[in-house]
Amino acid sequence: MSNRQIELTKSYNPQEVEDKWYHFWESSGYFKPDPDATKRPFCIVIPPPNITGSLHMGHAMNVAIQDIFVRWKRMSGHRVLWLPGTDHAGIATQNVVEKELSKEGVDRHKLGRDAFIERIWEWKAEHGGKIIHQIKRLGASCDWSRERFTLDEGLSKAVREVFVTLYEEGLIYRDDRLINWCPRCHTALSDLEVEYDEIDGKLYYIKYPLTDGKGYISVATTRPETMLGDTAVAVHPEDERYGHFIGKTINLPLVGREIPIISESSVDPSFATGAVKVTPAHDFSDEAIGRQHNLPSISVITEDGRMGIAAGERYSGLDRYRCRKKVLEDLIELGLLEGEKRHNFAVGHCYRCKTTIEPLLTIQWYVAIESLASEAIKVVRNRKVRLIPESWENNYFAWMRDIKDWCISRQIWWGHQIPVWYCAGCKRDDKTPQGEIIEHIFFGTVNLPDGTALAGGKYSELRKSGMSHTEIIKNSKITRIPRDIKSICRRDDPKECPECRSRDIIRDPDVLDTWFSSALWPFSTLGWPEDTEDLRTFYPTNLLVTGFDILFFWVARMIMMGMKFMGDPPFRDVYIHALVRDLKGQKMSKSKGNIIDPLLLIDKYGADAFRFSLAALAARGRDIKFSEERIEGYRHFINKLWNATKFIINNEQLWTEQPLHDYDKDLDLPSRWIISRLASTASAIDKHLRAYRFSEAANGIYQFVWHEFCDWYIELTKPVLLHGSDKEKVIIVNCLFFVLEQVLQLLHPFMPFVTEEIWHKISRQKGSIIRSPYPLRLPTYQNAVEEMGHVINAVTGIRSIRGELNIAPSIEIEADIKVYSEEAGEIIKNNLAAIKKLTRCKEIGVAPEVECIKGSAVAVKEEMEIYVPIGGLLDIGAEVNRLQKEMKKIDESLNFLNKKLLNADFLSSAPKSVLQKDKARFDDLLSRKDKIEETLKLFDAVKRETTAGPK
RNA sequence: GGGCGGGUAGCUCAGUUGGGAGAGCGCAGCCCUUACAAGGCUGAUGUCACAGGUUCGAGUCCUGUUCCGCCUACCA
């Protein structure tokens, strides 16, 4: 037996222990996969957070769920790897550092590409670890020795390999198309990176005069400035108002261009004027019309969101919004603005900086997505990849069906630069070198030794004027490389053109979409393209935990790339958790100011309470409205556990540390009961976790610990500890410790810190709870639950009487229990001490025949009637009231059951088990009804006596 | 316009194959019973959105209606 002195503080103090245990775990290597190769591997890769980010509720939810799962799997005997890392987040990171630079009055172009990238690495070293540190505070048991970053050497190699392979197979190509352009970030964006927000705008009606002078046609537009690039007006072929105009031409106001009126069935005649101006270079639907009708595309807006030369001298150089104003003014002056109307419509915004997107005609790199997508659809369809909850499958399929080629080039510097070179020396078909059509636009101007200032020009000319190759590259803000220039794509950086040996090769300045590297995450982090031990062991990974907001951005693309390059999907299960919203159900966002900072919650309540709340709230497929009150409740739960531990440890000197098995035949009913209940709780939790039902798992253990272990079992041990024999005490203390240990283990995945802290307070345990075996296959004792039910009924019966009749706890009462069976009587008698203690009774009589004494309160339970004689103290009216209320309930149930049992159809078609259950219940209710009726009669007699008065 | 999810106690939400409606918080009453007042005991509260249907039996399955979210779409 132990003679250690263990002291527990009055309440649990998370701040004091969390850091300590985290360091202990990490430094002891517990987060690394178990070296035992016979264990089944289990692997999760973390959704890499953005290095510029800081932890928000979404991350917290995501990380908490993964850690619960990982810790559970680790304890269940798996060789677990949870692989962490971060994402370089091209645009976001570049924006952050650019902002920092602008405070110093520096522009990235002044700094130059290499120096700027160097600067970002410095920033990353200083601030990039912030979110990792925050994830650790949640208790995340990631293997940090394997932490990866999307711009790591290894991951970059993977990106290069994938790009070159897809390029060689023709699945990566370059094309001129209309794309979503952010004029502020100065880059192309993929369709997914555009957010559409409804805005209060205006619809302007503009008169377009016919060239033949016979009237005009009115068009409606939300963007008048784009009219400068109009190349047609479209009307519906069957529109009676306009049919006769088709084939005629318009004299485009302000520009003077003659443009045709074309017939286009996609035009809705009922909307606005029914005539649409067509600007193929600045509107996606117009681009489609333009292609169909072979219309020219005239770009009138530049990459800066200003009007270009093609917009005409009057407007060139103006910002797009200033130009809109000016166009409108000019139209008014000409009397061509017919009117304007309020109009709400959706406008695309950059998801990073919220600037209004400008559709621009540019040349970009694309991934041909169709063949990749069809494989990715297949594996979800045949459930090689399971989406959980399944309802996301529909969304997934819908998106994959309509998927468009993926624009992967970004006009920024931070990221994986595209491994493509263009040779200035190679000759084109007309024998002129390619360098003559490669155009450079400089940042500012470059002064040549002869004094001329250059703002850019064709590569060949710049070379002729004396600039070196590197000078040209360094000063280029924009490099325009037309599509017909041959590209050189290599696994190694070429030093010269493989065809003409020219050293004037220009690398494509663009970098890849960050999601391109994220798409490779599940295998690039494990070492691919090298054939590593980790890759062989852990790929395909078992589970991906993510929010639905990146289902398409990331999950779908990982599946595509996994299938393409590994021939196997990157994970088996995808658990898609809900979004965390505020109490009103609104998305948390900085602009709404409704953000709850998870770190503040951890400071205030501890990581365990916070994690437990997240788990308890994580019902499948539903958004979570988060409230602080809820955490408070779970902090109380931790405190409850802490105090139960205190009680148990107070009796530590009686703990023999022998396996409970040794006491098996001497266990009393409450002990057999609590162990049986523990066993079913453990298996229920296991079942729930397997099915990703985190809330049920959390609530199950909560219910057990608080309302069975603490409310009943610990209370029931008290009389034994006070009055029992030494042997009884030893047994019950061993049982207390046994249950506590199992409870800690069951709870550990949910609340790692407090369970580890308590685990170490218990002397028997060596090492960390983190690698202790998760409780499964615990013993259960036959009939223990049913038998304990009698004890509980007796106690609650007496307590109800006390409570409802307001008998002060200080008053000790007597009670009589009339039992219906010998077995029930035995059980009650065997546990009488406990029942007395829990009901504050000084005496309880138990017999099959007990008669109701006058002035007794009555409770009728299954298998027993309880009488509490309180003589003159009894308020007969109140007691009659109470019984009548109970009668009413019983009658209602009886009616319901009676109807059912009289129904011939029910009797013939319901399963036997249901029938039997209902019959038994009916009989029980009926006998209870009889008892209560009897009692009521008795009271009636007493009442009459009292009213009649003594003679 | 299309798709998805949801309407269950005062609030926030559970409710896995159809078989007597649950939890937490809040509320009311009584209690500092030597682990815990961040606690204990007792109690009250529901036309499971509405209307039909299938079934012996529906919160649960089907159809329609309605309200609320989210995603998606080229009404300029």
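These numbers were taken from a predicted model, which means no experiment stands behind them. Below, chain A is the first sequence line, B the second, and so on; all start at residue 1.
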*Separation of the P atoms in B:U42 and B:C25, to the nearest angstrom*: 15 Å
*Indicate whether any N or O donor in one side chain lies under 3.5 Å from an N or O acceptor in the other, for A:N895 and A:D891.*
no
Classify the ring geometry between [X] and [Y] as parallel (under 30°), tilted (30 to 60°) or perpendicular (over 60°).
X	Y	value
A:Y12	A:W642	tilted
A:F637	A:W706	parallel
A:H577	A:Y575	tilted

*Upstream residue (5' side of RNA chain B) when A:Q703 and A:H688 are each assigned their closest nucleotide*: A:H688
_By nearest heavy atom, map A:F284 and A:Y12 onto RNA chain B; which one lands nearer the 5' end?_
A:Y12
*Heavy-atom donor-acceptor pair, A:E287 side chain to A:A281 backbone, under 3.5 Å*: no
Separation of [X] atom [atom1] from [N] atom [atom2], in whole Å?
X	N	atom1	atom2	answer
A:K718	B:U33	NZ	P	11 Å
A:N643	B:G39	CG	C1'	9 Å
A:R802	B:G40	CZ	P	18 Å
A:F612	B:G24	CZ	C1'	12 Å

*Residue pairs involving residues 702-719 of chain A (criterion salt bridge (charged side-chain N to carboxylate O under 4.0 Å, His left out); sequence neighbours excluded)*: A:R677-A:E708, A:E715-A:K718
*Mind checking A:Y634 for me? I need base, sugar-phosphate or nothing, with any heavy atom below 4.0 Å counting as a touch.*
nothing
*asked:* Need one value for A:G348: base, sugar-phosphate or nothing, where a base atom within 4.0 Å counts as base even if backbone is also close, heavy atoms only.
replied: nothing
*Residues of residues 793-801 of chain A with any non-hydrogen atom less than 4.0 angstrom from an atom of RNA chain B: list those, numerically ordered, please.*
A:T796, A:R799, A:S800
Any [X] side-chain nitrogen or oxygen under 4.0 Å from OP1 or OP2 of [N]:
X	N	answer
A:K889	B:A44	yes
A:K10	B:A37	yes
A:H236	B:A76	no

Interatomic spacing from [atom1] in [X] to [atom2] in [Y] - rounded to 0.5 Å:
X	Y	atom1	atom2	result
A:I576	A:N395	CD1	CG	9.0 Å
A:L897	A:I890	CG	CD1	12.0 Å
A:Y702	A:F612	OH	CZ	8.0 Å

_Partner residues of A:A644 under the side chain to side chain contact (heavy atoms under 4.5 Å, CB included) criterion, sequence neighbours left out_ = A:C710, A:I714
*Stems involving RNA chain B, each a run of at least 3 consecutive Watson-Crick or G-U pairs under 3.5 Å*: B:1-7 with B:66-72, B:10-13 with B:22-25, B:27-31 with B:39-43, B:49-53 with B:61-65
Could you write out each protein N or O paired with an N or O of nucleotides 54-59 of chain B at a distance under 3.5 Å?
residue, atom, partner, partner atom, Å
B:C56, O2', A:N903, ND2, 2.9

*Nearest atoms (heavy-atom pairs only) where A:H349 meets A:V347*: CD2-O, 3.0 Å
*asked:* Restricting to non-hydrogen atoms, name the atom on A:L360 and the atom on A:H282 that form the minimum distance, rounded to 0.1 Å.
replied: CD2-CE1, 3.8 Å
So does [X] reach the base of [N] with its side chain, donor to acceptor, closer than 3.5 Å?
X	N	value
A:K640	B:C36	yes
A:R630	B:G24	no
A:E696	B:A23	no

*Are A:K202 and A:E340 within salt-bridge range, i.e. N to O under 4.0 Å?*
yes
For nucleotides 25-29 of chain B, which of its nitrogen or oxygen atoms have a protein nitrogen or oxygen under 3.5 Å away, and what is each distance?
residue, atom, partner, partner atom, Å
B:C25, O2', A:E629, OE1, 3.2

*Taking it one step at a time, do A:D924 and A:R928 satisfy salt bridge (Lys or Arg N to Asp or Glu O under 4.0 Å)?*
CA-CA 6 Å; A:D924 176 58; A:R928 282 169 70 180; 3.7 Å; yes
